[in-house]
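Report on the following structure.
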Amino acid sequence: MKRHHWWRDAVIYQVYVRSFLDSTGDGVGDLAGVRAGLPYLKKLGVDGVWLSPFYPSPQHDHGYDVANYRDVDPLFGDLAEFDLLMADARRLGLRILLDIVPNHCSSEHPWFRAALAAGPGSEERARFHFAEGRGPDGAEPPNNWHAMFGGPAWTRTDDGQWYLHMFTPEQPDWNWRHPEIPAEFEEVLRFWLDRGVDGFRIDVAAGLFKHPELPDSDDPEADARTRDSVNPLAWNQPEVHDVWRRWRAVCEEYTARDGRERLLVGEVSVPTAREHAAYVRPDELHQAFFFDLLGAPWDADAFRKVISEAMRDIAGTGSTLTWVLNNHDQVRTVTRYGEPAPGGSGLGAARARAAALLMLALPGAAYIYQGEELGLPEVVDLPDDVLTDPVFHRTGSRARVRDGCRVPLPWSGQASPFGFTTGVEGVRTWLPQPDYFAEYATERALADTRSFWHLYRDGLQLRASLPQLGDGDGTLRWLDTEPGVLAFTRGDGLVCAVNFGTAPTTAPVPGTPLLASGPCPAGELPGSTAAWWLADL
Ligand code: NOJ
């Protein structure tokens, strides 16, 4: 039955708070800005919002370095403002998910500061991974692991011991085998659940536990090389599943009290779809992002392969698939699919529109990253001196640097700040907005029925009203097509087809589509276009 469990086919909009909307005029987005933008999101038609971390933090990794898990950084507002945001979201029928970061904290977290102060062998240090170094005078790190963001995964303290950090040195990893850590996080969950949140996006959900002996890795550079959690000693340890079972139980406890289902969605990076499926067993996470679609090149066979594997290995277990094409760590689809320069009217934009319709037609849930609904391209020409991504500063590499997808959103007008901030004309946004952002402003997108925004809005409306879409009957049946074209049916008579090539092909069904990502004459499917039809098959 459609919408039985709201989260099974929810469409959630990711708000990167510092880049959404600024209410204070300092050039950085904030919670009051998010609140002001909620009606815009309601109009778009999403079911809920995931807020990137807004907790007190020295912002070495834009809030993924949390110094206090139970408060709001003054940069973004305060708890009273958060409560107002929750109240407005509830009134509008939008769910709110918070981003929780349990693998590591900030080196400014009071428990880490206490650990540094207490010295080797202390109970305070046992909450983290402190160890003696190797070699003469212990001057070599305790093992050969590399951090995901470059450099060794260990940093030496003044007293000679080392501590483990799988990301930056400002993000020490918690020791989840210490009983106070699971207990503390359970309290953090309850703190926010008591304030009314509808669930959590869990950062690095395949992390938390490391191999208990912290042995050397056979391929120590794998994590830094791929920027993915692939070191089998540092990630995906079996004990992590007990944590997700416990968190699920806490959510169920709240549901039993008030009937509102909560949602846990994990950022799960594991090598295979089969391992991924283990995270979404019925008593663990409700969802885990399926990043393989995001990682697939614009190619019909590649898309078909990842969708088929997901259907077999994940949907096959009865859990829900969780699709994502963009987020705050990845190059935006318009650029990734082939349009390095701004403009938005060429191939990359056409393909990004087609990919959106494909994603919204698949069984399961979907996540949209802010600006995706505007067709924003990646800002590829930010000068080095404005880049803030620690990956850039720790590796010196511009490859996959993450600032280009985090540039503040354009809302209106012809010049930066494009209505992003209440600050006076000329106020500097925390990352500079290029002049061409004028073309993508929400005001303009809303007024133009051919815009990305209208495509997303129309897709979301149909998805909400057609029983075949969303969770539907959970199935997808491939249709035979020419090479370079994918077509499938959902339930009773909904057909989605995508032409990955550039030349037109014959549509899989006659008649005018219900919705298409570009001009689509009856009986034809132009290149770089997706369409939905209702048909008697
Ligand atoms: C994944 C987050 O999406 C990313 O932005 C962050 O840098 C790392 N986890 C570390 O918390």
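Keep in mind that what you see is a predicted model, and the values were worked out from it rather than measured. Indexing begins at 1, ligand by ligand and atom by atom, following the structure's order.
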Problem set entry | Distance from atom 7 (O) of ligand 1 to nearest protein heavy atom, with residue and atom | Asp61 OD2, 2.5 Å
For this session: Decide whether Ser19 and Trp430 meet the rule of one side-chain donor and one side-chain acceptor closer than 3.5 Å.
Result: yes
Problem set entry | Residue portion contacting ligand 1 (non-hydrogen atoms closer than 4.0 Å) for Met148 | neither
Exercise. Is the closest heavy atom of His104 to ligand 1 under 4.0 Å?
Worked result: yes
Exercise. Does a donor on one side chain and an acceptor on the other come within less than 3.5 Å for Lys210 and Asn231?
Worked result: no
Exercise. Which atoms of ligand 1 are found less than 4.0 Å from any heavy atom of Val204?
Worked result: 9 (N)
Exercise. Do the side-chain N and O atoms of Asp65 and Ser57 include a donor-acceptor pair separated by under 3.5 angstrom?
Worked result: yes
Exercise. How close does the nearest protein non-hydrogen atom get to atom 3 (O) of ligand 1, and which residue and atom is it?
Worked result: Asp329 OD2, 2.5 Å
Exercise. Relative to the heavy atoms of Arg406, which atoms of ligand 1 are at a distance of less than 4.0 Å?
Worked result: 5 (O)
Exercise. Will you find, in the side chains of Trp50 and Asp99, an N or O donor that is under 3.5 Å from an N or O acceptor?
Worked result: yes
For this session: Answer yes or no for Arg402: is there a heavy-atom contact with ligand 1 below 4.0 Å?
Result: yes
Problem set entry | Test applied, side chain to side chain donor-acceptor pair (under 3.5 Å); reference residue, His328; option that passes from His62, Gln14, Arg402, Arg18 | Gln14
Exercise. Side chains of Thr155 and His165: is there a donor and an acceptor less than 3.5 Å apart?
Worked result: yes
Seminar exercise, completed: Phe149 heavy atoms within 4.0 Å reach ligand 1 at atoms 7 (O)
For this session: Considering the heavy atoms of Glu267, write down every atom of ligand 1 situated less than 4.0 Å from one of them.
Result: 1 (C), 3 (O), 9 (N)
Problem set entry | Side-chain ion pair, Asp403 and Arg406, N-O less than 4.0 Å | no
For this session: Please state whether Met166 comes within less than 4.0 angstrom of ligand 1, counting heavy atoms only.
Result: no
Exercise. Does even one non-hydrogen atom of Gln14 get within less than 4.0 Å of ligand 1?
Worked result: no
Exercise. When you check the side-chain N and O atoms of Gln171 and Asp61, is any donor under 3.5 Å from an acceptor?
Worked result: yes
Seminar exercise, completed: atom 11 (O) of ligand 1: closest protein heavy atom, distance to 0.1 Å, is Asp203 OD2, 2.7 Å
